[in-house]
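Written below as structure tokens is the structure these notes are about.
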Amino acid sequence: MGGWNTTLVTHFLTPGFPSLQKLQLLLFFVGLIIYLVTLSGHIVIITTVHLDLRLHTPMYFFLSNFSFLEIWCTSNIVPKMLQVSLAADRSISYAGCITQLYFLITLGTAECFILAIMAYDHYLAVCNLLCYPILMNNRICVRLAVCSWVGAFVVSVPPLVSLYKPPFCGPNEINHIFCDAPPCKGPCEAETVNFVVATGVIVSSFLLIMVLYILIIVTILKIPSATGCWKTFSTCGSHLAVVAIFYGTLIFVYVRLTSKYSNNSVNFNKLVSMFYILVTPMLNPIIYCLRNKEFKEALRKAVMGRRGPAWILLSLNPSLDLRGR
């Protein structure tokens, strides 16, 4: 089953963490709780933005898009991962694995594009405020979001095509917790294609975000008032925190050649991938919204007005002060 097969690979094996077999049940419930909290947090963001007219701005429009992507990116991986963690049969079909990998690449690419667009939105709001209503109106926002989605699906086609080409240069055992690009060694050229696509998308979008924030910081430093500087920069703090966590894990996992892995490196790579799939999507709603006074006020009104499922976030975090001061 784990031997080399160059023609008839119908399924793959995902061993996960063999050394933690005795903790599988505990890990299952921890993963399930994190998954449910993640879904609840992002659903609350989308619902609250939809209900409150004050949040119908470009920033929250793109934040809703990002939350929608996070929901699908997590749901693409976690349910199957939890199922496999408890099942005696740890196999996934060839078509299922390729489909999972394709949507992982597509949704991850779209997230990179959306984060870059959000940085551009911050740049216009800080550096070109007078023209901001013209440069970031509703029509342009929709076009940018559509371009990020369509672009992500197009960019993900080359890795998909390369993975469908036999023969394979590795066994049908994927030493990982899900079908991911580096451990999933399909055709020999697929590794190169995956590396080039991942590097191109991740590095280019990350560099664009860094350049935009350098321009933002230069503009902020020209503000004479220290209070004004801090107030302006604080509007970008949440986005910067998410960018640091998101790109930190992506660059570590994907922007490097992966032809040779030691066992320790593979296990550490699995942990980083779990952090990217499970923990980061759970932290993003907290980073973006619980430190955002405007969103907290909208959420408080949604809770007090008993509108939508916003009460979920309150029940998950009882220490959150939503009563105002």
Side-chain angles (χ1 to χ4, degrees), residues 14 34-35 38-39 42 62-81 96-119 144-163 174 176-184 186 190-210 239 241-258 269-285 287-288:
T14 53
I34 293 176
Y35 176 59
T38 299
L39 291 185
H42 287 291
F62 293 124
L63 178 58
S64 296
N65 271 264
F66 187 74
S67 290
F68 186 77
L69 287 168
E70 289 277 65
I71 289 173
W72 284 104
C73 188
T74 306
S75 298
N76 177 50
I77 301 295
V78 177
K80 182 63 178 179
M81 185 176 69
C97 184
I98 298 300
T99 301
Q100 187 182 79
L101 178 57
Y102 174 70
F103 280 105
L104 175 66
I105 297 173
T106 299
L107 297 170
T109 300
E111 286 181 319
C112 290
F113 291 162
I114 290 293
L115 286 174
I117 292 172
M118 293 173 75
L144 288 172
V146 171
C147 287
S148 68
W149 281 80
V150 174
F153 277 96
V154 172
V155 167
S156 303
V157 170
L160 178 69
V161 172
S162 64
L163 284 169
I174 302 173
H176 207 48
I177 52 177
F178 56 87
C179 291
D180 201 3
C184 185
E191 293 182 62
T192 303
V193 173
N194 286 329
F195 175 75
V196 170
V197 171
T199 302
V201 170
I202 296 171
V203 173
S204 62
S205 59
F206 180 72
L207 289 177
L208 175 60
I209 291 172
M210 291 299 99
H239 183 256
V242 171
V243 166
I245 297 174
F246 182 82
Y247 279 95
T249 54
L250 279 184
I251 290 173
F252 179 86
V253 174
Y254 296 107
V255 187
R256 56 181 182 145
L257 291 172
T258 57
N269 201 66
K270 292 178 186 178
L271 290 175
V272 175
S273 296
M274 282 193 67
F275 186 87
Y276 164 65
I277 290 296
L278 282 173
V279 181
T280 301
M282 181 185 68
L283 293 177
N284 288 341
I287 295 172
Y288 263 116

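We're numbering straight along the sequence, starting at 1. The basis for the numbers below is simple: all heavy atoms, side chains too, and nothing from hydrogens, waters or symmetry mates.
To the nearest 0.5 angstrom, M282 atom CE is 12.5 Å from L39 atom CG. To the nearest 0.5 Å, atom CD1 of residue I202 and atom CG of residue L207 are 11.5 Å apart. Going from atom NE2 of H239 over to atom CZ of F66 covers 8.0 Å, rounded to the nearest 0.5 Å. The distance from the CZ atom of F68 to the CD atom of E111 is 12.0 Å, given to the nearest 0.5 Å. Rounded to the nearest 0.5 Å, atoms CH2 (W72) and CG (L104) are 15.0 Å apart. Atoms CG and CZ, from L250 and F206 in turn, are 10.5 Å apart once rounded to the nearest 0.5 Å.
Looking only at side-chain heavy atoms (C-beta outward), I245 and I287 come within less than 4.5 Å of each other.
Side-chain atoms of S148 come within 3.5 Å of backbone atoms of A145 as a donor-acceptor pair (strictly under, hydrogens ignored). Between the S204 side chain and the V201 main chain, a donor and an acceptor come within less than 3.5 Å of each other. Remark: the backbone N or O of N284 is not paired with any side-chain donor or acceptor of H42 at under 3.5 angstrom. Checking side-chain atoms of Y102 against main-chain N and O of F153 turns up a donor-acceptor pair under 3.5 Å.
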Q100/N76 under side-chain contact (heavy atoms from CB on, under 4.5 Å): CA gap, chis, key distance, verdict: CA-CA 6 Å; Q100 187 182 79; N76 177 50; 3.8 Å; yes

Worked check of side-chain contact (heavy atoms from CB on, under 4.5 Å) between C147 and F113: CA-CA 9 Å; C147 287; F113 291 162; over 6 Å; no

Check against side-chain contact (heavy atoms from CB on, under 4.5 Å), I209 and Y247: CA-CA 11 Å; I209 291 172; Y247 279 95; 3.7 Å; yes

Audit row: V242, M118, side-chain contact (heavy atoms from CB on, under 4.5 Å) steps and yes/no: CA-CA 11 Å; V242 171; M118 293 173 75; over 6 Å; no

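Scanning both residues, A110 and A152, for their nearest heavy atoms gives N-CB, 3.5 Å. Shown here for Y35 and S75, the closest heavy-atom pair between the two residues is OH-OG, 2.9 Å.
Tested against I277, the residues T249, I77, T38 include a single side-chain contact (heavy atoms from CB on, under 4.5 Å) partner, I77.
The 12-atom threshold is not exceeded at CZ of F103, counting heavy atoms of other residues, nucleotides or ligands nearer than 6.0 Å.
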